[in-house]
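From a predicted model like this one, the values you see are computed outputs, not experimental measurements.
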Amino acid sequence: MNTNDTSLASRTANDFSADKMEFAADVIAGLSQPRKSLSCRWFYDARGSALFEDITELPEYYPTRTETLILRAHAEEIAARTKAGSLLVEYGSGSSRKTEILLSAIASLAAYVPIDVSDAALEEARVRLAERMPDLRVFPVVGDFLAEIDLPKDLARRPRLGFFPGSTIGNLTRSAAADLLHTMGLRLGSSSRLVVGVDLVKDPAVLVPAYDDAQGVTAAFNLNLLTRINRELDGDFDLDQFRHEAIWNAGESRIEMHLLSLRAQRVHILDKTFEFGAGEHVHTENSHKYSLDDFTALARRAGYRTLDRWVDDKSLFSVHDLVFDPA
Ligand code: AVJ
């Protein structure tokens, strides 16, 4: 029996154009502000997802390999706290590679629900998991973190284990992160668990190269956003006239990625014209970095108790095992 159900096949053409409308509205709004910005959620078209996978293998990009080590070291503890017959719900699942550590450690999962904005990444992960774990039921959901999860009756009431790895939570400001975690808790249900990967504050000499690597993969990832706008929104960005930048904003405790306009220029997107000054920045991503206690306090504010938290031996990255227990 093929138990790898998919909800992707049932998406209609209308869903895609709604998504494109949202992309268009978001890009136009972001570029119309006095301080231009673009949302990092649009990085992940097929090429962007593939470039992100390349980033995870760069020598400078420590988060993915470090989190993988932490998860391997503590998978048994995570599994031991997981109720039999649980659903594993993953937010921003991408390639689902790290998830295989949990999927193999937790013997009695009812199903796996990967949620991601990239349908290409979800489909690739679904195919790989169907081969490697043929008995696992997989229900991919295309959408952002708060997308509706539509499940068969026998699964809808299962206990849920949320998994939010990769320090994707770092894309949000602190208050937005607390709000999102709280909403996730309400969706997952009281006394649900959430395992979250969180990148830690460290020397900017380590942080900055992780977002500005020698091979230029992160630069290509950032600039691909302009390529996507050119293709999907009929834009005419000249990619040679923008440069990738990664800066450490100490006050906000975050890495910021920007695209720098190298000269005064005019860009057309759909029926609109945008002016860029020489040296003007377009802010494309925030990646907030936490201390352990900082994040534990944030999780508490969002309604979670910390059952456990783990770091690697160099304290580069952390994984937090939380339970939703709002007052
Ligand atoms: C996927 C959001 C966790 O912030 O480290 C990697 C994205 N951007 N290099 C991160 C990213 C540039 C990544 N997250």
Side-chain angles (χ1 to χ4, degrees), residues 16 19-31 33 36-58 60-61 63-64 67 90-98 114-125 140-147 164-173 176-177 180 197 199 207-208 210-213 215-233 235 237 239 242-247 254-261 267 269 281-289:
F16 288 100
D19 195 49
K20 192 163 287 191
M21 296 264 290
E22 205 187 330
F23 182 34
D26 205 37
V27 165
I28 289 165
L31 296 182
Q33 298 167 307
K36 293 184 176 65
S37 67
L38 292 166
S39 162
C40 62
R41 80 161 271 188
W42 306 111
F43 280 142
Y44 301 95
D45 62 356
R47 176 161 162 74
S49 292
L51 282 167
F52 179 68
E53 287 307 308
D54 294 343
I55 288 174
T56 65
E57 289 171 16
L58 291 169
E60 297 96 332
Y61 194 76
T64 310
E67 183 177 40
E90 180 172 4
Y91 301 98
S93 53
S95 70
S96 297
R97 282 191 197 278
K98 282 174 289 198
I115 306 176
D116 203 274
V117 290
S118 168
D119 43 8
L122 277 172
E123 180 57 15
E124 226 181 280
V141 176
V142 187
D144 59 25
F145 304 131
L146 299 178
F164 194 14
S167 204
T168 304
I169 189 72
N171 279 163
L172 285 76
T173 62
L180 176 66
D199 198 10
L207 281 168
V208 173
Y211 292 83
D212 193 6
D213 61 280
Q215 291 170 63
V217 182
T218 309
F221 174 71
N222 199 6
L223 285 159
N224 179 57
L225 193 45
L226 305 185
T227 307
R228 183 179 187 185
I229 293 170
N230 284 352
R231 185 183 62 246
E232 294 186 24
L233 304 179
F237 277 108
L239 268 73
F242 287 86
R243 192 177 69 207
H244 165 70
E245 268 196 354
I247 61 162
R254 68 190 186 204
I255 288 281
E256 297 178 4
M257 295 208 313
H258 297 262
L259 290 165
L260 179 68
S261 172
V267 175
I269 299 168
H281 285 239
V282 182
H283 187 176
T284 54
E285 189 179 45
N286 288 321
S287 198
H288 291 80
K289 309 303 173 187

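- D45 pairs with exactly one of L225, T227, D119, N224 by the side chain to side chain contact (heavy atoms under 4.5 Å, CB included) rule, that one being N224.
- Closest non-hydrogen pair, D116 versus S93, comes out as OD2-N, 3.1 Å.
- The side-chain heavy atoms of I169 and F164, taken from C-beta on, include a pair separated by under 4.5 Å.
- In this structure, CG on L207 lies 14.0 Å from CZ on R254, to the nearest 0.5 angstrom.
- The two atoms that bring A220 and R47 nearest to each other are CB-NH2, 4.5 Å, heavy atoms only.
- Rounding to the nearest 0.5 Å places OG of S37 at 13.5 Å from NE2 of H281.
- Looking only at atom types and distance, the side chain of T56 has no donor-acceptor partner in the side chain of T64 under 3.5 Å away.
- Side-chain atoms of E256 do not come within 3.5 Å of backbone N or O of I247 as any donor-acceptor pair.
- For CD of E124, the number of neighbouring non-hydrogen atoms (other residues, nucleotides, ligands) closer than 6.0 Å is 12 at most.
- Judged by distance alone, the side chains of S287 and Y211 do bring a donor and an acceptor atom under 3.5 Å apart.
- For the pair A210 and Y61, the tightest heavy-atom approach, listed with the atom from each and the gap, is O-CD1, 3.3 Å.
- In this structure, the side chains of N230 and L239 come closer than 4.5 Å at one or more pairs of heavy atoms.
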*ring pair (Phe, Tyr, Trp, His ring centres under 6.0 Å) evaluation trace for F52 with F43*: CA-CA 9 Å; F52 179 68; F43 280 142; 9.5 Å; no

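- Considering only heavy atoms from C-beta on, L226 stays 4.5 Å or farther from V267 through its side chain.
- Between Y91 and T168 the shortest side-chain heavy-atom distance does not fall below 4.5 Å.
- When the options T218, L259, T284 are evaluated for a side chain to side chain contact (heavy atoms under 4.5 Å, CB included) with L223, the one that passes is L259.
- H288 contributes a side-chain N or O that, together with a main-chain N or O of L172, makes up a donor-acceptor pair within less than 3.5 Å.
- Of all heavy-atom pairs between L122 and V141, the closest is CD1-O, 3.3 Å.
- D212 places no side-chain N or O within 3.5 Å of a backbone atom of E245 that could act as its donor or acceptor partner.
- Listed here is the closest heavy atom pair of V217 and L51: CG1-O, 3.9 Å.
- Here CE of M257 is found 4.0 Å from CG of N222. Values are rounded to the nearest 0.5 Å.
- Looking at heavy atoms from C-beta onward, E90 lies in side-chain contact with P165 at the 4.5 angstrom threshold.
- The distance from the CG atom of L31 to the CD1 atom of I229 is 6.0 Å, given to the nearest 0.5 Å.
- F237 CZ to R231 CZ: the interatomic distance, rounded to the nearest 0.5 Å, is 14.0 Å.
- Between W42 and F23, the angle of the ring planes lies from 30° to 60°, which puts this pair in the tilted group.
- Counting all heavy atoms, side chain and backbone alike, A125 lies closest to S95 at CB-O, 3.6 Å.
- The distance from the NZ atom of K20 to the CG atom of L233 is 7.0 Å, given to the nearest 0.5 Å.
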